[in-house]
Amino acid sequence: MYKRNNKIRLEQSRQLILWIKRKIILIITAFVLGMANGMNVHDEALKGNQNYTEQHKKD
């Protein structure tokens with residue numbers, strides 16, 4: 001009986017570790033996607049201003 005309880009606790013701790021691991025991976029993925037999106041928006045803003053400046057100089 002003691003071994004059964006020990007086994008159940010080990011399984012619960014493994015499930016907890018896997019749950020924490022999934023949450024950490026999810027948070028890191030969301031952070032990386034957010035950074036990529038922010039860099040993309042910033043690049044588009046710079047390119048848009050550059051095109052406007054070049055057209056403005058031609059006039």
Side-chain angles (χ1 to χ4, degrees):
M1 187 144 185
Y2 177 74
K3 289 183 179 179
R4 279 181 136 185
N5 289 339
N6 191 17
K7 193 172 187 180
I8 290 171
R9 285 186 179 181
L10 284 174
E11 289 175 3
Q12 287 177 347
S13 65
R14 286 181 187 158
Q15 288 178 353
L16 180 65
I17 290 172
L18 287 175
W19 184 82
I20 292 172
K21 188 177 177 181
R22 283 188 210 121
K23 297 302 173 187
I24 290 173
I25 290 172
L26 183 69
I27 290 170
I28 291 172
T29 304
F31 178 74
V32 170
L33 287 174
M35 290 294 289
N37 188 27
M39 290 182 358
N40 187 25
V41 168
H42 183 68
D43 288 344
E44 287 178 0
L46 288 176
K47 289 178 185 174
N49 290 340
Q50 184 180 7
N51 290 340
Y52 175 75
T53 304
E54 289 175 358
Q55 289 176 358
H56 187 66
K57 285 180 181 177
K58 289 180 183 178
D59 292 342

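Under a hydrophobic clustering in which Ile, Leu, Val, Met, Phe, Trp and Tyr are joined whenever their side-chain heavy atoms come within less than 4.5 Å, directly or via other members, I17 and I25 fall into different clusters. At a threshold of 4.5 Å between side-chain heavy atoms, the hydrophobic network of Ile, Leu, Val, Met, Phe, Trp and Tyr places I24 and W19 in one connected group.
One distance of note links CZ of R14 with CD of E11; it measures 7.5 Å at 0.5 Å rounding.
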